[in-house]
Each structure stands twice: as C-alpha cells, then as structure tokens.
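Heads up, the thing below is written out as structure tokens.
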Amino acid sequence: MDGVKIIEIKKSVFAENEKDADELRKELKDKGVYLLNLMSSPGSGKTTTLIRTINLLKDRIRIAVMEADIDSDVDAIKIKEATGIQSIQLHTGGMCHLDAEMTRQGLDGLDLEDIDLVVLENVGNLVCPAEFDTGSVRNAMILSVPEGDDKPLKYPLMFSVCDVVVVNKIDVLPFFDFDIEKCREYIHMRNPKARVIPVCAKTGEGVDAFAEWILEEVSEWKTQ
Amino acid sequence: MHELGIVFYIIRDVKQAAGENNVDHVSAVVMNIGEVSTVIPEYLADCWRWAADKEPLLEGCELKVNIIPAVTHCDDCGKDYETVKYGKTCPFCSSGNTFLLRGNEVEIKEIEVSNN
Ligand SMILES: Nc1nc2c(ncn2[C@@H]2O[C@H](COP(=O)(O)OP(=O)(O)O)[C@@H](O)[C@H]2O)c(=O)[nH]1
Ligand SMILES: [Mg+2]
Ligand SMILES: [Zn+2]
Ligand SMILES: [Zn+2]
C-alpha cells in the first residue's frame, strides 16, 4: 500500500484551446465568415475605431460585432446605435481573456446567415488574450499614443501574434514623446510582417487604410 | 481572474487523463510553470484548492509546481542569458534581437495516483 503511481501527461493547458480554435476556424471558413480578433489595453480606442471602420465598410460587406471588453452592454449598444449593425455583449464573468469555446458561444448568439465579417472586441488586456487563440482568422491590436512607443518591448507576445497594429490617437502626438518610427521598429522586432497603421479614431484620419486591409482579407478568405 | 481560468483548464485536462487511465482519484497534479508565464503560482494554488475540492476526483488533491527558469537567446551573438535578470537586451552584446527560449510554460507534467 501507499504506493504512488505517476502518470505522465506533459501537456500545455493551451493545447486543448488550440484544437478548439482550429476547429472553429475551419467551420467559419465553410460558412464564409471572417473572424477578426481585436485586442488592446482598456481605453486604447477599440470601440471608437470599430465604429469608424464599420461605417466605412457596412455598405460593402455585412458585419457583426461581439463585445467582450467589459461586463456591461455599454459598448454593444454604442456600436448598434452608431452603426446600425448586429452587435452583442459577451458576458465573460470577469474573465481576463476569451478562449475559442467562449468565442464559439458568442458566435452562437449571432445570426450569421449572411454575415461576411465578425469582429470580436476582446477583453482590454495585453497579456493573456495573446495566449489564447480565439479561432479568429487574424489578430489585430490597437496601441494608443499615450501608452508609449515601447509597449512592444514590454508585451512581446501580444505584438508577435498580431498581423496588424493600429496606432491610435495620433492627434495627441505633439503632447507625448511617442516616436512612431521607433515604435514601428519595436513592432517589427517582434513581428517583421506586422502592418502598422497610424490612425486618429476621433476624426477618422487613417482609418480607411485599416478598412481597406479588412476588405482585402475578407475577400481573400471567402474566395480561396 | 486569470489563475482561476487556468485552474479550470487544468481540471478539464486532468479529468480527461484520469478517464483515459481509469483513475477515480488523483492525489497530486504536478505542473511546470515558466518563470515569465502569465501565471502566479501562489494565486494558482489558492484557486486550485477552491476549485479542486469541488470535484470528487480531485478532493484534497495537491497541486505541485515546478518553476521553469526563463532563458532568452540572442540572435546576434548566439548566447543565452537569464531573462528575468536582463530582460530583452542581451547582456553580452547589448542587442535587442532576442527571443525567449523557455520560461513561459503552463504545462501539466504528470499526475500522481495512490494505489491502495
Ligand atoms: N484624443 C483621442 N481620443 C480618442 C481617440 N480614439 C478614442 N479616443 C478616446 O479614448 C477613450 C476610450 O476609447 P474607447 O473606444 O472606448 O476604447 P476601448 O476601451 O479600447 O474600446 C474614449 O474617451 C475615446 O473618446 C483618438 O483618436 N484621439
Ligand atoms: Mg470598448
Ligand atoms: Zn486571462
Ligand atoms: Zn548578444
């Protein structure tokens, strides 16, 4: 008696989620739905940028939004009011990230019948959302000028998983020692292929470049 | 609360492994946690106790944690160094062209089952 048997497992806690995410991506591909995962710190301008972007795109593609940033309906309602598109709030119960299973549950709450693009506004956090594949086709993040140009050095994983980095609030550049070229360099250290798109969501300046990127991505996803 | 979420993933994976091995009680779960992973071992232990005791399979089950030291590799001079001490900048050649070799693991290493 008292013997202990050891069963080796050697499995990352992220492994199961990666499987779920790949499965979800495949299903979305079959349905012709493009899922974009949008991440940032709280207050970087995800909702504001989204509203601008949706208003540029909504006559060309059909869009829906899932809001996970905070546990209230504020952002989901704001998006619905400002753009008229389908938008729902995911209740994350205080969780600091979304995984593929939670994303799937969110998608189940949407009418995807003739939707081309779903944007997921992830929980405002630069750490663990980067570790959990949501099943999205691409990841994008927003870095706002007041946060500093060295964020890519402090949160390398986040920047390495993003295909696009939107640098928002460029209207306040004169008031911060934010060096956009340096920032670009730091981002490319983490991900040489990342696109950097400077915008001012407040006025809409530069947002068309982000919208164009999305449009190209969506049409590629649906045709290839 | 990040650690509580992680505990739920651990429980899910341990349940699955227990099922595959016809185990009805697990006495310990051994984790490999990287020094620069997003998991704080003390918080993980607290969340573990709370959540594990709700499961008959894991009642009283101990969570053992091995900390994996973080090591960064410099692409410019080819050397490895301690991540926590020097961060992203290589202490040998001052390059920032570096990447993490290990130290961000959140991994279930093994489970222990007492056979009596
Ligand atoms: N100055 C300035 N403020 C902005 C800009 N974009 C967003 N904001 C403000 O930043 C705050 C947070 O924006 P929000 O979109 O809610 O960020 P979220 O938490 O990432 O969704 C709000 O007060 C916005 O009005 C911008 O381009 N310039
Ligand atoms: Mg928001
Ligand atoms: Zn988390
Ligand atoms: Zn070096």
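Reckoned from all heavy atoms, side chains included, excluding hydrogens, waters and symmetry mates. Chain letters run A, B, ... following the sequence lines, proteins first, then strands; residues in each count from 1. Because the structure is a prediction, the values reported are computed rather than measured.
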| query | Considering only heavy atoms, which portion of B:Glu105 lies under 4.5 Å from any heavy atom of chain A: side chain, backbone, both, or neither? | reply | neither
| remark: Correct closest heavy-atom pair for B:Glu110 and A:Glu8 would be CB-CA, 3.9 Å
| query | When rounded to the nearest 0.5 angstrom, what distance separates CD1 in B:Ile111 from NZ in A:Lys5? | reply | 8.5 Å
| task | Return the minimal non-hydrogen interatomic distance between A:Ile9 and B:Ala17, and the atom names on each side. | result | CD1-CB, 3.5 Å
| query | Just how far is it from atom CD of B:Glu3 to atom SG of A:Cys128, taken to the nearest 0.5 Å? | reply | 8.5 Å
| A:Glu205 atom CD: more than 12 heavy-atom contacts under 6.0 Å | no
| remark: Ranked by heavy-atom pairs below 4.5 Å to chain A, first place among B:Val39, B:Asn104, B:Val106 goes to B:Val106
| said: Around atom CG of A:Asp30, are there more than 12 heavy atoms from other residues, nucleotides or ligands closer than 6.0 Å? | reply: yes
| task | Mark yes when over 12 heavy atoms from residues, nucleotides or ligands other than B:Lys15 sit less than 6.0 Å from its NZ; otherwise mark no. | result | no
| field | Max heavy-atom pair count under 4.5 Å with chain B, selected residue of A:Asp99, A:Asn17, A:Val127 | value | A:Asp99
| Could you give the distance from CZ (A:Phe14) to CG (B:Asp13), rounded to the nearest 0.5 Å? | 11.0 Å
| query | Around B:Asp24, counting heavy atoms of other residues, nucleotides and ligands shown, do more than 12 lie under 6.0 Å from its CG? | reply | no
| field | Heavy-atom pair of closest approach, residues A:Ile6 and B:Glu112 | value | CG1-CG, 4.0 Å
| field | Aromatic plane relationship, A:His97 with B:Tyr9 - under 30° parallel, 30 to 60° tilted, over 60° perpendicular | value | parallel
| message | With a sphere of 6.0 Å drawn around OH of B:Tyr86, does it hold more than 12 non-hydrogen atoms of other residues, nucleotides or ligands? | response | no
| Minimum heavy-atom distance between B:Arg12 and A:Val13, given as atom pair plus value | NH2-O, 3.6 Å
| note | Bottom line for B:Lys88: the part with an atom under 4.5 Å from chain A's heavy atoms is side chain
| query | Which bit of B:Val23 is near chain A, if near means a heavy-atom gap under 4.5 Å: side chain, backbone, both or neither? | reply | side chain
| task | Check the pair B:His2 / A:Glu131 against side-chain contact (heavy atoms from CB on, under 4.5 Å), numbers first and verdict last. | result | CA-CA 12 Å; B:His2 188 56; A:Glu131 287 179 333; 4.0 Å; yes
